Amino acid sequence: MRIRFGYVSHALSLYEATPAKTMTFARYQKLDPDTQVQELERITERNLQNTIRNLHFNVAHELPLYRFSSSIAPLATHDEVPWDYITPFQSLYEEIGSIVRRHRLRTSFHPNQFTLFTSDKPHVTANAVKDLEYHYAMLQAMDLHEESHINIHVGGAYGDKEKAVARFHENLKQLPEPIKKQLTLENDDKTYTTTETLEVCEKEAIPMMFDYHHYMANHTEEESLETLLPRFFKTWDHMPVPPKIHISSPKNEKEYRSHAGSVDLDFIRPLLKELKSQGEPVDFMIEAKDKDHAVLKLIEDIAGIRGAKRVAGGEIEY
DNA sequence: ACGCGTCAAGTACTC
DNA sequence: GAGTACTTGACGCGT
């Protein structure tokens, strides 16, 4: 089995490299109207430049996976802040796309928890569509809109999961088809278990994003890795990329669902064992507080397991 | 330099 | 119905 690795948005080793510098609406309103858009543009340009710096970090460390920040363009989907977050930065978006293609990186977006399709309130669904259109527009500007995935959760339960899932399928029709093609759906740590998420994925032909930490926090006795993983793999059949798994470990017993700074090798051992027996290549997106530090450490830890061998900076054969 | 409250958005829970 | 927690990083403000 081959495992490739990556981290979320910001390599902390780099000096002042956040790709998520932001501006709140409250702050925006306090600005002189003449400088409002100028300020948004200044922040966005910096976020795109920092995205490029982070991609160079990936290339130098041979880490094939990278998740773009969702906060590249502040207030991009805010009703009262209509501004063009694409055209002024076209060449920066293109540069990002060309780095990604040249080095065969695998990139993605992960919009926040407000982007969901289970709500019974029409404006919530409308906002979800708008938010996904924002992410997709950036991918288009990078010319990565046919390869990069946008990952979201199923959503809320509202006291009746069956009805909520029915609404998910209904509301999802409002999402333009090209955007829907780039979606992945992730099992969450409180509401939708892996099986429930798989059912939605299978119905919609959407690949599933398996989060192992969420699985550990939210699964039933019937849900064994042994039975779930083949079904999870199947949602990625006919995809040009391997199934992707989110990896993190609990902060502590009491705050089990919170992410720890690094990834505890013992916590993910059962997953590694099961993946090894499946034998298929997989990609690991590491979601630890220490970001790049945690990835590089985990790679060394896994490479230290008997039978495992590092074949690149961010790639292990096991 | 450092700590603390705030932030556009939603849901779940308590009262 | 109103209020708070959840949860993330970044930011502005007060000290």
Side-chain angles (χ1 to χ4, degrees), chain A residues 7-12 14-32 35-36 39-40 42-51 54 67-83 85 109-135 150-161 163-165 167-168 171 186-193 196 211 213-214 217-218 246 248 250-252 254-261 285-294:
Chain A
Y7 63 96
V8 178
S9 303
H10 184 182
L12 301 177
L14 298 174
Y15 172 73
E16 287 189 8
T18 177
K21 188 175 160 62
T22 190
M23 181 173 7
T24 63
F25 185 56
R27 178 94 196 100
Y28 171 87
Q29 282 177 306
K30 285 180 194 152
L31 292 177
D32 180 339
T35 65
Q36 284 174 326
E39 195 59 12
L40 289 171
R42 206 181 51 79
I43 292 170
T44 302
E45 181 169 5
R46 189 71 190 133
N47 286 340
L48 288 167
Q49 281 165 342
N50 280 341
T51 297
N54 280 289
R67 181 192 299 169
F68 293 120
S69 163
S70 281
S71 310
I72 287 175
L75 303 175
T77 60
H78 197 288
D79 274 342
E80 295 170 61
V81 188
W83 68 288
Y85 52 85
F109 271 119
H110 191 354
N112 68 26
Q113 75 269 27
F114 305 123
T115 306
L116 48 96
F117 287 91
T118 44
S119 180
D120 54 355
K121 301 186 207 59
H123 82 272
V124 173
T125 305
N127 283 343
V129 171
K130 193 173 180 185
D131 191 59
L132 289 171
E133 282 171 340
Y134 153 69
H135 287 89
I150 306 176
N151 179 55
I152 60 173
H153 293 274
V154 178
Y158 315 82
D160 188 336
K161 274 190 197 176
K163 277 190 186 147
V165 166
R167 268 200 308 274
F168 176 96
N171 289 338
E186 177 180 344
N187 59 306
D188 70 70
D189 55 358
K190 279 205 294 212
T191 311
Y192 292 97
T193 66
E196 290 164 339
D211 188 309
H213 186 178
H214 291 171
N218 181 24
H246 287 177
S248 58
K251 192 171 175 185
N252 52 53
K254 209 171 152 59
E255 298 165 277
Y256 190 85
R257 300 195 328 266
S258 297
H259 293 193
M285 174 53 75
I286 310 305
E287 295 181 324
K289 293 261 186 254
D290 298 343
K291 311 239 171 188
D292 49 313
H293 301 298

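Chain naming here is simple, since letters A, B, ... match the order of the sequence lines and numbering starts at 1 in each. The structure presented is a predicted model; accordingly, all values stated were derived computationally and were not measured.
In this structure, A:Glu287 atom CD and C:dT8 atom C1' are separated by 12 Å, rounded to whole Å. Rounded to an integer number of Å, the gap from A:Arg67 CZ to C:dG9 P is 11 Å. A straight line from CD of A:Gln29 to P of C:dG12 spans 15 Å, rounded to a whole angstrom. Atom NZ in A:Lys289 sits about 11 Å away from atom P in C:dA10, given to the nearest Å. A:Glu255 has its CD atom 9 Å from the P atom of C:dC6, to the nearest Å. A:Asn50 has its CG atom 11 Å from the P atom of C:dA10, to the nearest Å. The interatomic distance linking A:Asp290 (CG) with C:dG9 (P) rounds to 11 Å, in whole Å.
A:Asp189 meets the salt bridge (charged side-chain N to carboxylate O under 4.0 Å, His left out) test with A:Arg257; sequence neighbours excluded. Residues satisfying the side-chain contact (heavy atoms from CB on, under 4.5 Å) test with A:Thr125, not counting sequence neighbours, are A:Phe117, A:Asn171, A:Gln174. Scored by the salt bridge (charged side-chain N to carboxylate O under 4.0 Å, His left out) test, A:Arg27 finds no partners at all (sequence neighbours excluded). Considering only residues two or more places apart in sequence or on other chains, A:Lys251 meets the salt bridge (charged side-chain N to carboxylate O under 4.0 Å, His left out) condition with A:Glu255. Scored by the side-chain contact (heavy atoms from CB on, under 4.5 Å) test, A:Gln49 finds A:Glu45, A:Arg46, A:Leu92 as partners (sequence neighbours excluded). Checked against ring pair (Phe, Tyr, Trp, His ring centres under 6.0 Å), A:His78 has the following partners two or more places apart in sequence or in another chain: A:Phe25. Take A:Glu186 and apply the salt bridge (charged side-chain N to carboxylate O under 4.0 Å, His left out) test, not counting sequence neighbours, and it matches no residue.
In this structure, A:Thr18 reaches the sugar-phosphate backbone alone: every heavy-atom distance under 4.0 Å involves primed, P, OP1 or OP2 atoms, never a base.
Taking atom P in both B:dG3 and C:dT7, one finds a spacing of 23 Å when rounded to whole Å. One P atom belongs to B:dA8, the other to C:dG12, and the distance between them is 13 Å to the nearest Å. Rounded to the nearest Å, the gap between the C1' atom of C:dT4 and that of B:dT6 is 15 Å. For the P atoms, the distance from C:dA10 to B:dG10 is 23 Å, rounded to whole Å.
At C:dA10, none of the side-chain N or O atoms of A:Thr22 fall inside 4.0 Å of OP1 or OP2 (strictly under the cut-off).
No more than 12 heavy-atom neighbours from other residues, nucleotides or ligands sit within 6.0 angstrom of NZ on A:Lys163.
Residue A:Arg257 is the one, among A:His10 and A:Arg257, whose nearest nucleotide of DNA chain C lies closer to the 5' end (criterion: closest heavy atom).
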Under the rule of Watson-Crick or G-U wobble with both distances under 3.5 Å, where | means paired to another strand and [ ] a crossing pair, DNA chain B maps to |||||||..||||||
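Ion pair A:Glu39/A:Arg42 flagged as a salt bridge, since at least one NZ, NE, NH1 or NH2 atom sits closer than 4.0 Å to an Asp/Glu carboxylate oxygen.
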For nucleotides 5-15 of chain B, read 5' to 3', which letter fits each nucleotide if B means a protein heavy atom sits under 4.0 Å from the base, S means only the sugar-phosphate is that close, and - means neither? --SBBBSS---
